[in-house]
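Note that the numbering runs from 1 along the sequence shown for the chain.
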Amino acid sequence: MGEPVAVFLGAGVESAAPVLGEHGAVRVLAADAAEFGEFSVVPKVDAVQAAVGAVSPVAVLVSSSAEGKEVAARVAVRIGSGLITDAVDVVAGDEGPVVSQSVFAAGFTTRSRVSRGVPVITVKPNSAAPEVAPAAGAVEELVVEFGELARGTRVVSREARASSGRPELTEAAIVVSGGRGVNGAENFRVIEELADSLGAAVGASRAAVDAGWYPHTSQVGQTGKTVSPQLYIAAGISGAIQHRAGMQTSKTIVAVNKDAEAPIFELVDYGVVGDLFEVVPQLTEEVKTRKG
């Protein structure tokens, strides 16, 4: 679709630019101002709008986080363009970028395009595996003029989330999830041990969360979080549509379940019919052995 231009807001562009360049950014537009940290999303909207004016892009791609979608929506309104959210693929088309989305509990894939203005598209994390594509990554100053609304909502305090030492669930490249078959909060250590051996995030089905075995913040599914990792391991999860809606776009899916008729096996790339308390610890030990 053209030459990628990255936008970097805040301090630290010196260390970020080489990484962005390594993955294809020909230019890095950088802006650092106190407003980006002290106020809500509007200063970032001002910055992205300034970048659009400076580059005249074919499309604007934003990470599909809660904040990213708010920034994208505001930018689209400002520049009079259409918006598509939660893309799992973006490719060049004759009349502009063609966007794929997974919809209706991941039962269908739609393809659509923006018909007016510069397409603004939010892309789900892990929709594409990072690929090395060395480019210049030349840093340029992005001049941002903050509007009247930029200082309208001040961030008065921040509290760091307690770190588990694991990746954030929606951004993790590998996710290991446990379900009803784990049969108790104390048994989730089996899931956690496998996740830690792989450097993965830990997820849980709604049944496990409703039973109080694992925090709601780790729920994967239609009423929880949607993930799209490179590898998703489901242990003791039947595969009801509610759960499938939250992980069906994962690149490789592995399931461990002692019920050979479990719906999850209709979806997987690899399935193991067996007791998770026998299979998962063996898998953990094998991973540890291979990692030396």
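Remark: side-chain polar atoms of N126 are paired, donor with acceptor, to backbone N or O of E171 under 3.5 angstrom. Judged by distance alone, the side chain of N187 and the main-chain N or O of V182 form a donor-acceptor pair under 3.5 Å. Here the side chain of S127 pairs no donor or acceptor atom with the backbone of V123 at under 3.5 angstrom. The main-chain N or O of I253 is found under 3.5 Å from a side-chain atom of D269 such that the two form a donor-acceptor pair. Here the side chain of D46 pairs a donor or acceptor atom with the backbone of G147 at under 3.5 angstrom. A donor-acceptor contact shorter than 3.5 Å links the side chain of K291 to the backbone of S197. Side chain of Q282 to backbone of E278: a donor-acceptor contact under 3.5 angstrom is found. Side chain of H243 to backbone of V220: a donor-acceptor contact under 3.5 angstrom is found.
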### Message
Run the side chain to side chain contact (heavy atoms under 4.5 Å, CB included) test on F277 and V190 for me, step by step, so that the C-alpha distance in whole Å, both residues' side-chain angles and the decisive distance to 0.1 Å come before the verdict.
### Response
CA-CA 7 Å; F277 294 107; V190 175; 4.1 Å; yes

### Query
Could you go step by step and tell me if K225 and E168 meet the salt bridge (Lys or Arg N to Asp or Glu O under 4.0 Å) rule?
CA-CA 11 Å; K225 293 181 177 179; E168 204 285 319; 3.5 Å; yes

### Task
Show your reasoning for whether side chain to side chain contact (heavy atoms under 4.5 Å, CB included) applies to S102 and T249.
CA-CA 8 Å; S102 181; T249 56; 3.5 Å; yes

### Query
Between I121 and V90, is a side chain to side chain contact (heavy atoms under 4.5 Å, CB included) present by the stated rule, with each step listed?
CA-CA 9 Å; I121 303 163; V90 183; 4.1 Å; yes

### Message
side chain to side chain contact (heavy atoms under 4.5 Å, CB included), that's the test. Do V28 and E140 meet it? Break it down for me.
### Response
CA-CA 6 Å; V28 179; E140 302 175 20; over 6 Å; no

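Grouping the Ile, Leu, Val, Met, Phe, Trp and Tyr side chains by contacts below 4.5 angstrom, directly or via other members, places V75 apart from V42.
Salt-bridge formation is not detected for the pair R189/D196: no Lys NZ or Arg NE/NH1/NH2 atom is positioned less than 4.0 Å from an Asp or Glu carboxylate oxygen. One finds a salt bridge joining R244 and E266 here, because a Lys/Arg side-chain nitrogen approaches an Asp/Glu carboxylate oxygen to under 4.0 Å. Between K69 and D86 there is a salt bridge, since a side-chain N of the basic residue sits under 4.0 Å from a carboxylate O of the acidic one. Using a 4.0 Å cut-off between charged nitrogen and carboxylate oxygen, R27 and E3 do not count as a salt-bridge pair.
The aromatic rings of F36 and F146 sit perpendicular, their planes meeting at an angle over 60°, well past the 30° parallel limit.
Nearest heavy atom pair, residue V118 against residue V60, reads CG1-CG2, 4.1 Å.
For the atom pair CG (L83) and CZ (R116), the distance works out to 12.0 Å, reported to the nearest 0.5 Å. Put simply, CD1 on I241 and CD on Q248 are 6.0 Å apart, with the number rounded to the nearest 0.5 Å. Remark: E70 CD to S65 OG distance equals 10.0 Å, nearest 0.5 Å. To the nearest 0.5 Å, atoms CD1 (I174) and CD1 (I233) are separated by 7.0 Å. Separation of atoms CD (Q219) and OG (S177) is listed at 10.5 Å; rounding is to 0.5 Å. Atom CZ of residue F265 and atom CG of residue L267 lie 11.5 Å apart, to the nearest 0.5 angstrom.
The shortest distance between side-chain heavy atoms of Q242 and T223 falls below 4.5 Å. Between V175 and P229, some side-chain heavy-atom pair lies under the 4.5 Å cut-off. Put simply, the side chain of M247 does not reach to within 4.5 Å of the side chain of S228, judged on heavy atoms. Side-chain atoms of Y270 and T252, non-hydrogen and from C-beta on, do get closer than 4.5 Å to each other. V52 is listed as a side-chain neighbour of P57, based on a closest heavy-atom distance under 4.5 Å. The shortest side-chain heavy-atom distance between Q101 and T109 does not fall under the 4.5 Å cut-off. At least one side-chain heavy atom of L198 sits under 4.5 Å from a side-chain heavy atom of V176. Under the 4.5 Å side-chain criterion, counting only non-hydrogen atoms from C-beta, V13 is not in contact with D32.
In this structure, a donor-acceptor pair under 3.5 Å is present between the side chains of E192 and Y214.
The side chain to side chain donor-acceptor pair (under 3.5 Å) check on S205 picks up nothing, with sequence neighbours excluded.
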